[in-house]
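The sequence lines fix the lettering, A, B, ..., with proteins before strands; numbering per chain opens at 1.
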Amino acid sequence: MNEKYDVCIIGGGVVGCATARELSKYDLKVCVVEKEEDVCSGTSKANSAIVHAGFDAVPGTLKAKMNVRGAELIRQLSKTLDFPYRQNGSLVLCFDENGIPELNKLYERGIRNGVSGLSIISGDEARRLEPALSDKVVSALLAENAGIVCPFQMTIAFAENAASNGVTFRFLTEVTDIRSDGDGYVLSTNKGEINAKYVVNAAGLYSDKIHNAVADDKITVIPRRGEYVLLDREVGDLVSHTVFQLPTKYGKGVLVSPTVHGNLLVGPSADDIEDKEDTQTTASATASVKERALLSVPKVPYNKTITGFSGVRAHLETGDFIIGETKNGFFDAAGVESPGLTAAPAIGEYLTELIVNKCGASLKENYVKERRGIPQVAKLPQKERTELIKKNPKYGVIICRCENISEGEIVDAIHRTPGAVSLDGIKRRVRQGMGRCQAGFCTPAAIAILARELGIPEEQVTKNRPGSQQIKESL
Amino acid sequence: MTYHDLVIIGGGPAGLAAAVSAHEAGIEDILILERDERLGGILNQCIHNGFGLHTFKEELTGPEYADRYIKKVTDYKIPYKLKSIAADISAEREILYVNGEEGAVSVKAGAVILAMGCRERPRGALGLPGYRPAGIFTAGTAQRLMNIEGYSVGKKVFILGSGDIGLIMARRMTLEGAIVICVAELMPYSGGLNRNIVQCLNDFNIPLKLSHTVTKIHGKQRVTGITISEVDANRRPIKGTEEYYDCDTLLLSCGLLPENELSKSAGVTLDRVTGGPVVDDKLQTSVEGVFACGNVLHVHDLVDYVSEEAERAGRQAASFVKSGKENDKKYITLSVGSGVRYTVPQMIDVNNMNDSVTVRFRVSDVFRDKSVSVCYDDKCVIKRKKRILAPGEMEQIVIKKDTFGDSMPKTVKISVED
């Protein structure tokens, strides 16, 4: 491989894909390189899945600016790019009269950041909104504009729309070195060299490594792990708002939130770790997260837990994102931790503006603005569902019973661009295996479909990256 | 909307036996909905023997056992639809099913028999710490991949949970050349049948570690090993007892959960302990005309008992369709005394009951040299000595109507006593 691009984006997470999509509006040859087998495979896949209103970040910081703008963009893009988003509002709970000044400070911050729909409400008002809340709540900050989103489908929607507009995706391609060659940059990868006039560093946990290969000032990403507990859809309506806790001397607090797919999510913990890929869950963090959530919602039915997971965030000591042109033609989106998911489309917009201003690229004429998601067949009215099945009988073959996902949807997921090439890739696109049996029943069928559609033996089907084959051998 | 006298959800052992007995009781307009591509349900992947000792007085494999019923269903020309999944049932017994040929179709049923079976408790619900790599399977999924799809899932296997499928898979994987290191069980006793421990573990020198659980799963891509720990009386891991084992596969056999999402959509009341519907002696749920049998009702350890129960459900559903009207119901409650986890049925309709009722139950611990007692209100009427009682083995007791006498008891209580 020796390819030439105008822009090469390192990292196919939500920031990389959002940037790719934004750049794809212009007459530029753009490539996304991703070390994993699919987009949305790092921090973007394991987080709180919320769209922050924007009262948390310190006014004037990049976090504050990108958060508020990002929340606005997600609201619009969820329609044009057809990904699940719901404005469910959030509450920050205060359990102690002494905490009220802190709550007021958050409110003031929000106002300064330009967040609308904020109000301070009493404990009783909060309980009227959310009857499951603890009696100990004395006051709360209500943010009506906060929302929840599907982080997988948002990232995938960005990627698909970018691909429709000509962006190339290179998977299992890891950048090992970057050097300037006068006219731009040469990226060494495990699959050969890539030449690009401009480089965007959206490498998430590895954004320090990429940054340090080019920039004079060195940065260090501290991997910060957060554990979550996910509960059955059966209890997903325990709360309707995303419920945060005011940080106390005991820590930052954990959230209890519905997900956009109707599950209940509890978490995260926050532990600084050594290994950027150490996504294990631990008994102690799980126990701590579960216990702390009970402060907000005393009756979380943990016997309805369907899974636990953890994600690792890219934390920088400085506390803010690093976004902008760090060196001539080298653009950073480094240290993107919370509220990174919310901020992603704004980061993409901002970086694109910088790049376009620099190179003077013009808008494409045939830019495809809209993207439609894979049909959620089980959610269609009976008549429409039947019509769709008559056209394609695979939409009538249910593979995942828990989430009601048909073979047709799985086949669609595989044949989109970029399409699913792993079991996790299917899961993130259409939710097969996301339900209460956690792919117990549908794993054999999903392996068979993936093998058939990709034309590979079933023994080669992976859960995610190479080496994660589920089947050892044919008998 | 088309109408059928009886719609049976599920073409596994329960659904098949229910269909056969309903047909033999005179109901011809039956429809079986089966989501898989063949009838027989989970029996199709149970290629080991040991089935049918009670029903047929001979030892069959799972597919052979299923075949006996499938032949009858075919002989009786009982209609069934394959690759057809029931998506919704209403309290009015309207069923929405989906398949590739017809799309989404609604049918109305005179009576419904729920026979959807159960599913396995997955890793996530067990809260096992560690990584989430490939190579972690529930025992039944591994069994399907091996026996139906023809693939081996691992070479060096650790099994958590001593449920019957886990024990069966310990032997099966050994026979296919894998090394099964050990079976660990959280509880101080096995959850499986004693005969499976003997035939699947002891005969192959596979150790069973009671009061142990997995406390860490290692491996980022594929399982590379696991750490287990001994647990205390409260099932909490004891520090310092960790042991590491190299393995590429972790099988889980940690309990089965009746699959009642459809029952819920119909408004059927569920029993918190069994996870299945609350039923009366006719196996009728809280929704009139909706019956339940097999593992969707409560998890059985022998398919023979499933068939027997399902045959009863089939006869009762047939009689419901034919008569429509029953006498006013008068329920007595079956309550659980000490040492008993649950009973099925949970109540008896004394005005409409048959001469006798078979009550199945499970005990909550291992008991030696105790008795099972049945009391009508405060009066003890049956006391049966038992050399051993174990949670893994389902017990049953027959209650005869004429023993109630003239003054009907309010409750019937089953307990384990000295």
Side-chain angles (χ1 to χ4, degrees), chain A residues 229-230 234 277-286 303-309 377-378 380 382-383 385-390 392-398 401-402 404 406-407 423 436-441 443-444 447-448 458-459 462-475, chain B residues 35 83-85 87 96 98-106 116 119-138 140-141 144-155 176-178 215-222 236-237 248-249 252 257 259 261 264:
Chain A
V229 174
L230 188 72
E234 198 184 316
E277 315 242 331
D278 182 356
T279 57
Q280 64 179 310
T281 55
T282 62
S284 57
T286 307
N303 61 338
K304 300 287 177 191
T305 299
I306 61 171
T307 193
F309 63 90
V377 186
L380 295 173
Q382 191 177 346
K383 204 169 149 241
R385 187 176 183 181
T386 300
E387 280 165 12
L388 196 61
I389 294 169
K390 298 264 163 161
N392 179 1
K394 286 197 171 76
Y395 286 125
V397 181
I398 300 292
R401 311 163 182 183
C402 301
N404 261 314
S406 68
E407 183 177 357
L423 296 167
R436 51 180 67 94
C437 93
Q438 288 286 297
F441 276 117
T443 293
I447 292 174
E458 303 201 355
E459 299 93 298
T462 56
K463 183 173 187 292
N464 37 57
R465 62 168 70 153
S468 63
Q469 282 81 350
Q470 291 281 28
I471 285 168
K472 278 283 173 193
E473 62 179 354
S474 185
L475 291 174
Chain B
R35 54 193 165 196
K83 290 169 97 170
S84 301
I85 192 160
L96 177 74
V98 182
N99 65 33
E101 282 86 57
E102 301 164 276
V105 184
S106 298
M116 294 87 78
R119 64 166 173 266
E120 300 173 281
R121 188 173 276 125
R123 183 253 173 115
L126 298 165
L128 302 179
Y131 287 95
R132 293 168 299 288
I136 306 168
F137 301 90
T138 52
T141 302
R144 179 176 179 112
L145 280 165
M146 189 164 248
N147 294 346
I148 306 259
E149 319 290 339
Y151 295 107
S152 168
V153 297
K155 294 273 182 202
E176 287 294 346
T215 44
K216 185 168 174 181
I217 297 170
H218 305 257
K220 289 176 183 172
Q221 279 80 246
R222 172 88 194 189
R236 296 222 177 89
D248 59 26
T249 304
L252 303 170
L257 310 163
E259 212 174 31
E261 279 64 43
K264 281 183 212 161

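In terms of non-hydrogen atom pairs under 4.5 Å with chain B, the most contact-rich of Thr386(A), Thr286(A), Ile398(A) is Thr386(A). Counting heavy-atom pairs closer than 4.5 Å to chain A, the top-ranked of the candidates Glu261(B), Glu149(B), Glu120(B) is Glu261(B). Ranked by non-hydrogen atom pairs under 4.5 Å with chain B, the options Thr279(A), Thr443(A), Leu380(A) are led by Thr279(A). In terms of non-hydrogen atom pairs under 4.5 Å with chain A, the most contact-rich of Gly127(B), Ser106(B), Ser84(B) is Ser106(B). In terms of heavy-atom pairs under 4.5 Å with chain B, the best-connected choice from Ala378(A), Ala439(A), Gly396(A) is Gly396(A). Between chain A and the residues Arg123(B), Lys264(B), Arg121(B), the largest count of heavy-atom pairs under 4.5 Å involves Lys264(B). Counting heavy-atom pairs closer than 4.5 Å to chain B, the top residue among Lys463(A), Glu459(A), Arg401(A), Arg385(A) is Arg401(A). The candidate from Leu475(A), Asn303(A), Ile389(A) with the greatest count of non-hydrogen atom pairs under 4.5 Å with chain B is Leu475(A). Listed options Arg222(B), Arg132(B), Arg144(B), Lys220(B) were ranked by heavy-atom pairs under 4.5 angstrom with chain A; first place goes to Arg132(B). Among Gly219(B), Ala104(B), Ala87(B), Ala125(B), the residue with the largest count of heavy-atom pairs under 4.5 Å with chain A is Ala104(B). Put simply, of Lys394(A), Gln438(A), Arg465(A), the one with the most heavy-atom pairs under 4.5 Å next to chain B is Arg465(A).
With sequence neighbours excluded, the residues that form a side chain to side chain donor-acceptor pair (under 3.5 Å) with Lys216(B) are Gln280(A). With sequence neighbours excluded, no residue satisfies side chain to side chain donor-acceptor pair (under 3.5 Å) with Asn392(A).
Note that CD of Glu458(A) and CD1 of Ile471(A) are 5.0 Å apart. Values are rounded to the nearest 0.5 Å. Distance CG/Asn99(B) to CD1/Ile85(B): 11.0 Å, rounded to 0.5 Å.
Nearest approach of Val153(B) to Thr249(B), heavy atoms of both residues: O-OG1, 3.3 Å. Counting all heavy atoms, side chain and backbone alike, Cys402(A) lies closest to Cys437(A) at SG-N, 3.4 Å. In terms of heavy-atom proximity, Tyr151(B) sits nearest to Ser474(A) at CD2-CA, 3.7 Å.
Proximity to chain B (any heavy atom under 4.5 Å) is shown, for Glu407(A), by neither the backbone nor the side chain. When heavy atoms are compared at a cutoff of 4.5 Å, Leu257(B) does not approach chain A at all. Looking at Arg35(B), only its side chain comes within 4.5 Å of chain A, counting heavy atoms on both sides. With a 4.5 angstrom heavy-atom cutoff, Arg119(B) touches chain A via backbone and side-chain atoms both. Only the backbone of Glu101(B) comes within contact range of chain A, judged by heavy atoms closer than 4.5 Å.
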